[in-house]
Amino acid sequence: MAREQDDMLRRGIGMTSQRTRERLIQRLYEEGLSNAQVLEVIRRTPRHLFVDEALAHRAYEDTALPIGHNQTISQPYMVARMSELLLEAGPLDKVLEIGTGSGYQTAVLSQLVERVFSVERIKVLQDRAKERLVELNLRNVVFRWGDGWEGWPALAPYNGIIVTAVATDVPQALLDQLAPGGRLVIPVGSGEVQQLMLIIREEQGFSRRVLGAVRFVPLLNGPLA
Ligand code: SAH
């Protein structure tokens with residue numbers, strides 16, 4: 001990692017105790033997350049910079065927190081789990097993220113893959129996420145204000161696609177935009193009944209794995225100013 005970037009990330013440390021952060025990593029490890037690279041990135045990413053100051057003291061709890069506009073910053077466990085699933089078969093160069101939100105998952109991903117393309121429908125959330133990533137000197141991310149149901153066709157195909165809101169069905173556009181061997185990690189369902197799924201584009205068609213119950217805010221329709 002570039003020295004400058006390392007310094008920027010380190011600056012966040014100290015604002016909340018190092019011990020609290022270590023405790024989170026220990027907890028994720030005990031819950032079965034074993035990708036050392038993912039855990040290390042979570043350790044050094046200052047999650048408290050992605051929530052309101054009033055909530056900063058809770059930033060290293062393993063829970064989702066409100067970020068305004070009825071949205072939440074994803075739970076660290078889920079960020080780690082989805083990142084692990086994406087990377088399970090090896091490194092990725094192009095990853096599409098649907099639902100930038102606070103930009104926290106984006107920041108984690110940007111340190112694990114070559115390039116991230118991130119789509120968000122709420123303009124103000126996107127603007128704030130952009131600022132945070134610039135502040136952390138994470139430069140390999142491109143943002144788009146738009147509707148995630150459509151993916152980002154102009155830059156397709158992607159080796160990985162991650163959706164951080166629950167979809168009633170798997171969006172066809174996202175399947176279309178997966179490269180051969182590409183991996184899509186997506187919560188599917190509605191309300192209380194949601195399952196995390198891993199879908200892989202095989203030589204012929206797609207394979208699907210259901211990975212267990214999850215809880216996400218809904219993938220909505222259309223961009224919002
Ligand atoms: N990973 C984010 C999670 C944000 S919550 C974080 O850790 O902060 C889910 C996000 O998906 C919200 O910001 C919401 O506005 C966005 N979203 C919902 N429907 C969408 C759609 N159709 N297209 C793009 N973004 C969408």
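The first residue of the sequence shown is numbered 1, and numbering continues consecutively from there. Numbering of ligands and ligand atoms starts at 1, following listing order. Quick caveat: nothing in here was measured; it's all calculated off a predicted structure.
Using modelled atom types, one finds no donor on one side chain facing an acceptor on the other under 3.5 Å when comparing T63 with Q75. Remark: the E97 side chain and the T164 side chain contain no N/O donor-acceptor pair separated by less than 3.5 Å. S74 and Q105 form no side-chain donor-acceptor contact under 3.5 Å, judged by distance and modelled atom types alone.
The shortest N or O to N or O distance between S102 and ligand 1 is under 3.5 Å. Considering backbone and side-chain N/O of L220, one or more are found under 3.5 Å from N/O of ligand 1. Of the N or O atoms in S74, one or more lie within a sub-3.5 Å distance of an N or O in ligand 1. Inclusion of E120 in the set of residues having an N or O under 3.5 Å from an N or O of ligand 1 is warranted. The shortest N or O to N or O distance between A165 and ligand 1 is not under 3.5 Å.
L178 pairs with exactly one of N159, I200, L96, L184 by the side-chain contact (heavy atoms from CB on, under 4.5 Å) rule, that one being L184. A side-chain contact (heavy atoms from CB on, under 4.5 Å) with V38 is found for exactly one of L109, L33, L87, namely L87.
Residue T106 does not touch ligand 1, judged by heavy-atom distances below 4.0 Å. The backbone and the side chain of R121 each have at least one atom closer than 4.0 Å to an atom of ligand 1 (non-hydrogen atoms only). When non-hydrogen atoms are compared, ligand 1 lies under 4.0 Å from the backbone of T100 (N, CA, C, O) but not from its side chain.
Side-chain atoms of Q126 come within 3.5 Å of backbone atoms of R144 as a donor-acceptor pair (strictly under, hydrogens ignored). Proximity of a side-chain donor or acceptor of Y104 to a complementary backbone N or O of V79 within less than 3.5 Å is not detected. One N or O on the side chain of R47 and one on the backbone of A59 form a donor-acceptor pair closer than 3.5 Å. For R132 (side chain) and S102 (main-chain N/O), a donor-acceptor pair under 3.5 Å exists by modelled atom type. Checked by atom type and distance alone, the side chain of W145 pairs as donor or acceptor with a backbone atom of R121 at under 3.5 Å.
In terms of protein heavy-atom proximity, atom 12 (C) of ligand 1 is nearest to Q71 OE1, 3.2 Å. Looking only at heavy atoms of the protein, atom 9 (C) of ligand 1 is closest to T164 O, 3.4 Å. When hydrogens are left out, the protein atom nearest atom 5 (S) of ligand 1 is T72 O, 3.1 Å; that is the closest non-hydrogen contact. Scanning all protein heavy atoms for the shortest distance to atom 11 (O) of ligand 1 gives G99 CA, 3.2 Å. When hydrogens are left out, the protein atom nearest atom 23 (N) of ligand 1 is G148 N, 2.6 Å; that is the closest non-hydrogen contact.
Under 4.0 Å is where a charged nitrogen must lie from a carboxylate oxygen, and between E22 and R43 at least one such pair does. By the 4.0 Å N-to-carboxylate-O rule, E30 lies too far from R27 to be salt-bridged with it.
Near Q105, with a cut-off below 4.0 Å to any heavy atom, the atoms of ligand 1 are 1 (N), 7 (O). Against a heavy-atom cut-off of under 4.0 Å, G146 is close to the following atoms of ligand 1: 23 (N), 24 (C). Taking a cut-off of under 4.0 Å to the non-hydrogen atoms of V217, the atoms of ligand 1 that pass are 5 (S), 9 (C). Short contacts between ligand 1 and L125, defined as distances under 4.0 Å to a heavy atom of the residue, involve ligand atoms 13 (O). Those atoms of ligand 1 that come under 4.0 Å of a heavy atom in W149, given as number and element, are 22 (N). Every atom of ligand 1 is numbered from 1 in the order shown, and the set under 4.0 Å from a heavy atom of I122 is 15 (O). For ligand 1 and G101, the ligand atoms under 4.0 Å from any heavy atom of the residue are 4 (C), 8 (O), 13 (O).
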